[in-house]
There are 2 protein chains.
Amino acid sequence: MTIRVLLVDDQPLLRTGFRLILQSEPDIEVVGEAGDGEVALSQVRALRPDVVLMDIRMPRMDGVEATRRLAEFDDPPRVLVLTTYDLDEYVVDSLRAGASGFLLKDVPAEDLVDAVRVVHRGEAVVAPRVTRRLLDRFARLLPAPRTDDAPLPELTDREHQVLLLMARGLSNAEIAGQLVLSETTVKTHVSNVLMKLGLRDRVQAVVLAYERGIVKPSTS
Amino acid sequence: MTIRVLLVDDQPLLRTGFRLILQSEPDIEVVGEAGDGEVALSQVRALRPDVVLMDIRMPRMDGVEATRRLAEFDDPPRVLVLTTYDLDEYVVDSLRAGASGFLLKDVPAEDLVDAVRVVHRGEAVVAPRVTRRLLDRFARLLPAPRTDDAPLPELTDREHQVLLLMARGLSNAEIAGQLVLSETTVKTHVSNVLMKLGLRDRVQAVVLAYERGIVKPSTS
DNA sequence: GGCGGCCTCCTCCTGGAGGAGGAGGTCGCC
DNA sequence: GGCGACCTCCTCCTCCAGGAGGAGGCCGCC
C-alpha cells in the first residue's frame, strides 16, 4: 500500500522538484498534479489521493479555499499545506479549513517525506518556525493566564463532582440520578459548594466553573 | 557554544537515558538533573541552562507549575515538555505556562536532539500525535466564520441583553436594576429566551451562553 | 386604519432551590 | 477509644424562578 500523493502548486518547477523528492521513496506515489484549486478538486475526485500537498497562493481558487472544499468530501484526503512565508494568517486560515500540516517550501527533502507519512497516518506536523508563532497565538486564545490566587482546594471530591454536573446545567434531581444519590444529599453537596465558594446560587456556580476553567466550552 | 541542557524527571533511569542520548552530541551538554519542580527551579538559577527537558508528573511541584515559574525568570530557558501520555490538558496547560515544545517520552533519539536544537534557536516543536489534537482544539477556539453567523437569530435585542446578564450570574431583580426595568418585565424576557432556545431554566441558559461563545471566559 | 412584533408590566400559581438544623455511617489518625 | 473529615439522608421553611394568561403602548408596514 503506497501513499498516493497529489501535488498542487501553480509553479510547475516546484511540482517537479517535489515529485522528484517523493517519487524516490518506495512507499510514496505521486498520482497527479494540479496548478490551481479548482483543478485540484477535480483531480482529487478522479484520483482519490491519500495526501494533498497544497500551495496557498494560486490563481482561480487558493489553497485555503480548496482545503475547505476538500474537507467536505466523503473520506477526504489529508492536506499538507506548503507556504513560502510563515505568515500567520495563512496558517490559521488553513488550519480552520481543515489542514493536517504546514511546511515551508524550503523544507529539507527528508522532512517533507516524513511529513507526508505523518499526516497519512492521521497525525499532524507543523514546521518549527511556524509552530512557535502558532503556539504564541494559541496561548493568547486560551482561557487566560490563570491567576491561581484562589484555587479551589477546599472542595471535596464529591463536591467537585457535583459542581461539574451542575456546570452542565443539571438539576439536583438529575445529579442525584447521575450519581445514584438522594436529591437531599445532592442538595447538601450543592449547599456546601456554594458556601465554600462564597456563591449565592447554582447559576453563579456555573459562571465560576467556566471562568476558572473548571469546565471548558466547546465540548459539544 | 554548546547547548546547555537541564534534565528534570522524577525517574532517575529516564534521566540517565536522556543524558546518554544527548551527551553523545557534540553541540549539547547536559549540565544538571533534577527530580522535582522545586529542585529544577534552583538548578536553573544555579546552572543557567539554555534548554530544560521537563517531565509533567513529578512530586512536590509538577512540570506545569515549574514551567510557569521559569517563565518569570530573567532570560528564562526554553522548556521542552516530555510526557508519557498525549493528554490534552497537559499540553494546553504546558503551553499556557510557556513551554516551547511538547514531546512524548517514546520519542526517537534523533528527534529528541533535533527538538533540543529547535527550541534552542527559538522555534517550537510538538510531537505529531499531539499536534493533531492541538490543531483540532485550536480550530475550535478560532473565531468560527460561518457556524457562528446565525446561532441565535431569533432573539430580540432586549432578550439578548438579558441573556448576557443572566450569563454573568445575575438574578432577575439584579437584571431589572441593571436595565432599569421591573422584575416582572425581566421575567418575561427570561421566559421568552428560555422558550426560544428550548431551555429549561437559567442555569442551562448560562451553559449555552458559554458553549456557544456568546460569552467567553475572561481574564478578569 | 389595521395588524403584528416588540417592550413594558401585572396577577396567580407551582415547583425547585437553598438555608437551618439535625442524624447516622465509615474511615483514618492520634 | 475518641475525634474529625466526609458522605449520606432527613424535615421544616422561605423565596425565587418560571409558566399561564393576560394588558397597554410604541412603531413599522401593508
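Everything numeric here is computed off the predicted structure, so don't read it as measured data. Chain letters run A, B, ... following the sequence lines, proteins first, then strands; residues in each count from 1.
The minimum heavy-atom distance linking A/G169 with B/V207 is given by the pair N-CG2, 3.7 Å.
A distance of 11.0 Å separates CG in B/D9 from CG in B/D36, rounded to the nearest 0.5 Å. The line from OG1 of A/T131 to CD of B/E123 is 8.5 Å long, rounded to the nearest 0.5 Å. Atom CD in B/E29 sits 9.5 Å away from atom CZ in B/R19 (nearest 0.5 Å).
In this structure, CG of A/D201 is placed 15 Å from C1' of D/dT14, rounded to the nearest angstrom. As rounded to whole Å, 18 Å separates atom P of C/dA17 from atom CE of A/M195. If you measure from atom CZ of A/R200 to atom C1' of D/dA17, you get 12 Å, rounded to the nearest angstrom.
In this structure, the helix from C/dG1-D/dC30 to C/dC30-D/dG1 shows an angle of 30° between the axis at its start and the axis at its end, each fitted on 5 base pairs and rounded to 10°.
Ion pair B/E174/A/R200 flagged as a salt bridge, since at least one NZ, NE, NH1 or NH2 atom sits closer than 4.0 Å to an Asp/Glu carboxylate oxygen. Salt bridge status for B/R117 with B/D27: present, with a side-chain N to carboxylate O gap under 4.0 Å. A salt bridge does not link B/E183 to B/K187: none of the charged nitrogens lies less than 4.0 Å from a carboxylate oxygen. Checked for salt-bridge contact, A/R68 and A/E65 meet the test: a charged N lies under 4.0 Å from a carboxylate O.
Between the side chains of B/S182 and B/T185, at least one donor-acceptor pair of N or O atoms lies under 3.5 Å. Side chains of A/N192 and A/R158: no donor on one and acceptor on the other come within 3.5 Å.
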Footprint string (nucleotides 6-12 of chain D, 5' to 3'): B base within contact, S backbone only, - free, heavy atoms under 4.0 Å: SSBBB--

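Using a 4.0 Å cut-off on heavy atoms, the residues of residues 164-176 of chain A that approach DNA chain C are A/S171, A/N172, listed by number.
Considering only side-chain N and O atoms, A/R202 lies under 4.0 angstrom from the phosphate OP1 or OP2 of C/dG18.
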